[in-house]
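Below is one structure, written out as structure tokens; comments come after it.
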Amino acid sequence: MLQTFLKAKLHRVTVTHAELHYEGSCAIDGDLLEKSGIREYEMIHIYNINNGERFTTYAIKAENGSGVISVNGAAAHKAQKGDLLIICSYVQLDEQEADDYQPTLCYFENAKSDNGVGISDDELRNRNTLTGMKSAIPVQTSDM
């Protein structure tokens, strides 16, 4: 039996572009794709922290080192420049593979919840600098 597990997560990246008339997808800085293990054309799930939208598309490569996170096509109705996103990919594993499996979790501590209002394009892209990686999410305690 196969089960679906989190493969990779880009936690709190900032949308730098929302391009309605670009071919549908999500362009992600090529360096971030490589570090996270998300492959070009792989299905991704996007969770918009700002407005609660959740949608599925596929990843395409943006220029390496650019900091670009561009939500394109019809999905551009679900995210706008400055929004904070969680981008995830998933993998199917059998029970034996799952026993020792760990996802790749990428964190972006430069994210701000200011909706990008009055922020330059350069600053938005700089917010997408990887600041940490983990392979497990801490156990949530009851005092949260």
Euclidean distance, [Y] [atom2] relative to [X] [atom1], rounded to 0.5 Å:
X	Y	atom1	atom2	result
Ile86	Cys106	CD1	SG	13.0 Å
Thr57	Ile46	OG1	CD1	6.0 Å
Thr16	Leu124	OG1	CG	7.0 Å
Phe108	Ile87	CZ	CD1	8.5 Å

Please walk me through it: do Leu85 and Val15 pass side-chain contact (heavy atoms from CB on, under 4.5 Å)?
CA-CA 7 Å; Leu85 305 179; Val15 176; 3.4 Å; yes
Might you point out which heavy atoms bring [X] and [Y] nearest each other, and give the distance in Å?
X	Y	answer
Ile38	Ala8	CG1-CB, 3.8 Å
Ser66	Asp29	N-OD2, 2.9 Å
Ser25	Ile60	OG-CD1, 3.2 Å

Do any pairs count as a ring pair (Phe, Tyr, Trp, His ring centres under 6.0 Å) and have a residue in [range], sequence neighbours left out, and if so which ones?
range	value
residues 111-133	none
residues 73-102	His45-Tyr90
residues 1-24	His11-Tyr107

Partners meeting side-chain hydrogen bond (donor to acceptor under 3.5 Å, both in side chains) with [X] (sequence neighbours left out):
X	answer
Gln92	Thr4
Ser70	Asn72
Arg12	none

Taking only residues at least two apart or on different chains, which pairs with a member in residues 101-111 satisfy salt bridge (charged side-chain N to carboxylate O under 4.0 Å, His left out)?
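Output for this query is empty, none listed.
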Listed once per pair and sorted, the salt bridge (charged side-chain N to carboxylate O under 4.0 Å, His left out) pairs that draw on residues 78-105, sequence neighbours left out
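For residues 78-105: Glu53-Lys78, Lys81-Asp121.
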Hey, are the side chains of [X] and [Y] touching, using non-hydrogen atoms and a 4.5 Å cut-off?
X	Y	value
Lys9	Thr104	no
Val13	Leu84	no
Ile44	Ile28	yes
Leu32	Leu130	yes
Cys88	Leu6	yes

Passes side-chain contact (heavy atoms from CB on, under 4.5 Å), Arg54 versus Tyr47? Steps please.
CA-CA 5 Å; Arg54 301 166 72 90; Tyr47 312 117; 3.4 Å; yes
Give every residue pair that meets the side chain to side chain donor-acceptor pair (under 3.5 Å) criterion with at least one member in residues 30-40, sequence neighbours excluded.
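Sorted pair list comes back empty.
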Taking salt bridge (Lys or Arg N to Asp or Glu O under 4.0 Å) as the test, write out the residues that go with Glu42, two or more places apart.
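Glu42 satisfies salt bridge (Lys or Arg N to Asp or Glu O under 4.0 Å) with Lys7 only.
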Check residues 132-144 and write down every donor-acceptor pair under 3.5 Å in which the side-chain atom is one partner and the other belongs to a residue at least two apart or another chain.
residue, atom, partner, partner atom, Å
Thr141, OG1, Asp143, OD1, 2.4

Per-pair distances, 0.1 Å, donor-acceptor, side chain in residues 112-120, under 3.5 Å, sequence neighbours excluded:
residue, atom, partner, partner atom, Å
Lys112, NZ, Asn110, O, 3.4
Asp114, OD1, Gly116, N, 2.9
Asp114, OD1, Arg127, NH1, 2.9
Asp114, OD2, Arg127, NH2, 2.8
Asn115, OD1, Asn50, ND2, 2.3
Ser120, OG, Glu123, N, 3.1

